[in-house]
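We name chains A, B, ... by the order of the sequence lines, and we start the count at 1 in each one.
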Number of protein chains: 2
Amino acid sequence: MAATLHDVARVAGVSFKTVSNVINNHPHVRESTRAKVEQAIRELGYRPNLTARSLRSGHTGAITLALPQLSLPYFAELADAVIEAAAKCGLVVLVEQTGADRDRELEVMASPRLKMSDGLIFSPLALGQEDADLIKAEVPIVLLGERIFGSTSDHVTMQNVTAARTATEHLLDLGRKRIAVVGAHEGEVIGSAGLRLRGYREALEARGIPYDDGIVAYVVDWHRSNGAAAMHDLLDRGAQFDAVFGLNDTLAQGAVRVLQEAGFRVPDDVAVIGFDDLDETRYSLPTLSTVDPGRTEIAETAIRMLMDRIKDPAGMPPREVETAFQVVPRESTVGRAAAVPA
Amino acid sequence: MAATLHDVARVAGVSFKTVSNVINNHPHVRESTRAKVEQAIRELGYRPNLTARSLRSGHTGAITLALPQLSLPYFAELADAVIEAAAKCGLVVLVEQTGADRDRELEVMASPRLKMSDGLIFSPLALGQEDADLIKAEVPIVLLGERIFGSTSDHVTMQNVTAARTATEHLLDLGRKRIAVVGAHEGEVIGSAGLRLRGYREALEARGIPYDDGIVAYVVDWHRSNGAAAMHDLLDRGAQFDAVFGLNDTLAQGAVRVLQEAGFRVPDDVAVIGFDDLDETRYSLPTLSTVDPGRTEIAETAIRMLMDRIKDPAGMPPREVETAFQVVPRESTVGRAAAVPA
DNA sequence: CCAGAGGCGTTCAACGTTGTAAACTCAGCG
DNA sequence: CGCTGAGTTTACAACGTTGAACGCCTCTGG
């Protein structure tokens, strides 16, 4: 059985509260007492019982991260960043997968398990704007992503519109005129797809290029196979284009694959840019141009906001932060010579 | 403030222990009392305080999963599988990243945080055979991977040797005679690299083909860039081969990329097989033949073993389980027509 | 030499739950 | 009409920790 404060106290010949004081670096502990206690701690290999500490103190030192699925590379890299950022603050991370299922997303917020952590970083994929009122839990929440705005929670997002606009401009600047889009969502306005499509349209508009729905391919999911299918669809209907904006990297990779199979050279015949800066985009053939949405900054900001909120739940109005982004030109738009090296 | 048993008891007009009995489905609670209590629970929106329950009961309902890094696709998919398997058993998963750093791997086992969970599923990458004695913690451990054998912990592994042998045989069966290896580790015997290389050698030996170190490329890490560099290395030194066994999928993908850049057709000129069955291998160009190491089975077995061990820590001797594997022939070895569809 | 101040350590009461054991209720029965 | 015993409910003591409040000791200043 593990040693407790009482055991240490007995060995050190002091009261168990004094041991607690030593451990918590309370002032007013004589050096000699401290030494005695520390000796006893070492001797017994004492380690504090964090569960008891949590019960007494009301916080656990853990946070929950709820996201759709780790096998989606974007979320895996996001989770990596969040766990690293949390570790820097001495927090440990409980990961819940929702599978992008509405009921599971709601359940994450409702489950008593959530109270085993001090706060929730939540990236919903099934809940939407109409559910803003349902975003609440017994612990502070920081929302990630673009599916819900104006809830009473803090929120960290990437600059979808501006970044997508800049990505599109990157293609326009290369002299491309007919830029197809892969991955739009039917009727969506907010949400990553809607916002990125808006950025695309803004870029066209600013250059006086008419928007052509004929070169916009709609999909349901954002997996590689959907990108491939969408590109098939474009080619099948004889769409004419000299560039593709994949609304995320996996879509873009699926599209590249189909383009290459169909005999198009990337970027010579068709330039392709994605969005997310997944690690793997550095290694595909060609390497994929993309937008780095500032994942580390997203994670660190989310952790910081959550810690603020844990410290003082009502201390400030809900905040909304947009992180800095960067277009990363690689081979799939600028060719081998000009590309950023891996 | 959240309601407690006492609050519910007051509203229901019973003692707080009766409320506890209702919640825990104790027998001998009169139906009318149960109804009264349940009504009060609903009324107050009572939810049990899991921290207090943990303190009292001694277990938390959480387990820790320690692995190198989620941004490595293999571990992301492993984590996905473990979290799903745990969820099926009502367990929640705390994810720790070690960054394949020896000190952090040791710290995971030593940290008092570990006691916030009931057990540890641990996939070490820096610790090795010589550290078998250091594998211990205050909670039961199930080891994953092939870096440490014969510790006193339960252990789940894939059949590296046999699977690698079968993968090699797959290439031999296609008539390939000179099979290069990408990703060997200098001097390694156990560990994924060592075991898979052994399987490769066994396959050659069984067919009377001499082993040629000249077509084995050594690397330090198992990232895509290392696979690319290794393939560059092979080509630079004029190695002759008609197939490549990438000791994992990312290495194989890096190798494919370099082969294609160098003008080789895959699989016509060079057939390539990887190992791990990452999701993305289904979508590369060409789709990558690989070995499915039974990730779901690994995860479910690990969870089951851990739960056994939590229930009865010394109830049985340490167990070692090897999961079933399967070679998945895709385009990179058998070409478009014969490949398993995505 | 004594009072007051402040450093140091202690006691006591929580935190919210569950296990143990005792106590109460109410038939059924002698 | 009280005893027995099964079925219910309750009181109490943990689990291991921290915070509040108190008291003791020593040191300083009058």
Check your understanding: Looking at S20(B), does any N or O in its side chain come under 4.0 Å of the phosphate oxygens OP1/OP2 on dT18(C)?
Key -> yes

Review point. So what does P27(B) hit on the nucleic acid, given a heavy-atom distance under 4.0 Å: a base, only sugar-phosphate, or nothing?
Key: nothing

Check your understanding: For T33(A), which contact category applies under a 4.0 Å heavy-atom criterion: base, sugar-phosphate, or nothing?
Key -> sugar-phosphate

Exercise for review: Please state whether the phosphate of dT10(C), meaning OP1 or OP2, lies under 4.0 angstrom from any side-chain nitrogen or oxygen of S15(A).
Suggested key: yes

Check your understanding: Which whole-number value in Å describes the distance from N24(A) CG to dG16(D) P?
Key -> 17 Å

Check your understanding: Does R295(B) pair with D80(B) as a salt bridge, N-O distance under 4.0 Å?
Key -> no

Check your understanding: R10(A) has an atom CZ; how far is it from atom P of dT10(C), in whole Å?
Key -> 15 Å

Point to revise | Charged N-O contact under 4.0 Å between D131(B) and R147(B) | key: no

Review point. CZ of R34(B) versus P of dG7(D): gap in Å, rounded?
Key: 15 Å

Review point. Atom CZ of F16(B) to atom C1' of dT10(D): distance rounded to whole Å?
Key: 9 Å

**Study point:** salt bridge (charged side-chain N to carboxylate O under 4.0 Å, His left out) between E43(A) and R10(A), worked out
**Key:** CA-CA 12 Å; E43(A) 206 168 297; R10(A) 195 170 333 109; over 6 Å; no

Check your understanding: Going by an N to O cut-off under 4.0 Å, is there a salt bridge joining E300(B) and K88(B)?
Key -> yes

Exercise for review: Measure from the side chain of Y46(A), starting at C-beta and using heavy atoms only, and say which of dT17(D), dG9(C), dG16(C) lies closest.
Suggested key: dT17(D)

Point to revise | Under-4.0 Å side-chain N/O to phosphate OP1/OP2 contact, N21(A) with dG9(C) | key: no

Point to revise | Main-chain N/O of R309(A) paired to D312(A) side chain as donor or acceptor, under 3.5 Å | key: no

**Study point:** D7(A) CG to dC15(D) P, straight-line distance once rounded to whole Å
**Key:** 10 Å

Study note, to complete from the structure: Winner on side-chain proximity to K17(A), out of dT11(C), dG7(C), dG16(C), is dT11(C)

Check your understanding: Taking only side-chain nitrogens and oxygens of R56(B), does any of them come within less than 4.0 Å of OP1 or OP2 of dA14(D)?
Key -> no

Practice item. Assign each of R30(A) and H6(A) to its nearest nucleotide of DNA chain D by heavy atoms, then name whichever residue's nucleotide is nearer the 5' end. Key: H6(A)

Point to revise | Value in whole Å for how far the P atom of dC15(C) lies from NE2 of H59(A) | key: 16 Å

Review point. Counting only side-chain N and O atoms of R53(B), is one of them less than 4.0 Å from OP1 or OP2 of dG16(C)?
Key: no

**Study point:** Nearest-angstrom distance from the residue atom CD1 of I23(A) to C1' of dT17(D)
**Key:** 9 Å

Revision key, fill the gap. Testing dG16(C), dG9(C), dC8(C) for proximity to the side chain of H28(A), the answer is dC8(C)

Review point. Salt-bridged, R113(A) to E138(A), with N to O below 4.0 Å?
Key: no

Review point. Checking all strands, does S57(A) fall into the base, sugar-phosphate, or nothing category for heavy-atom contacts under 4.0 angstrom?
Key: nothing

Check your understanding: So does N49(A) get a side-chain nitrogen or oxygen closer than 4.0 Å to the phosphate oxygens (OP1/OP2) of dC15(D)?
Key -> no

Study note, to complete from the structure: Separation of dC12(D) atom P from L5(B) atom CG, nearest Å, is 17 Å

Check your understanding: What nucleotide, of dG19(D), dT10(D), dT18(C), holds the atom closest to the side chain of H26(A)?
Key -> dG19(D)

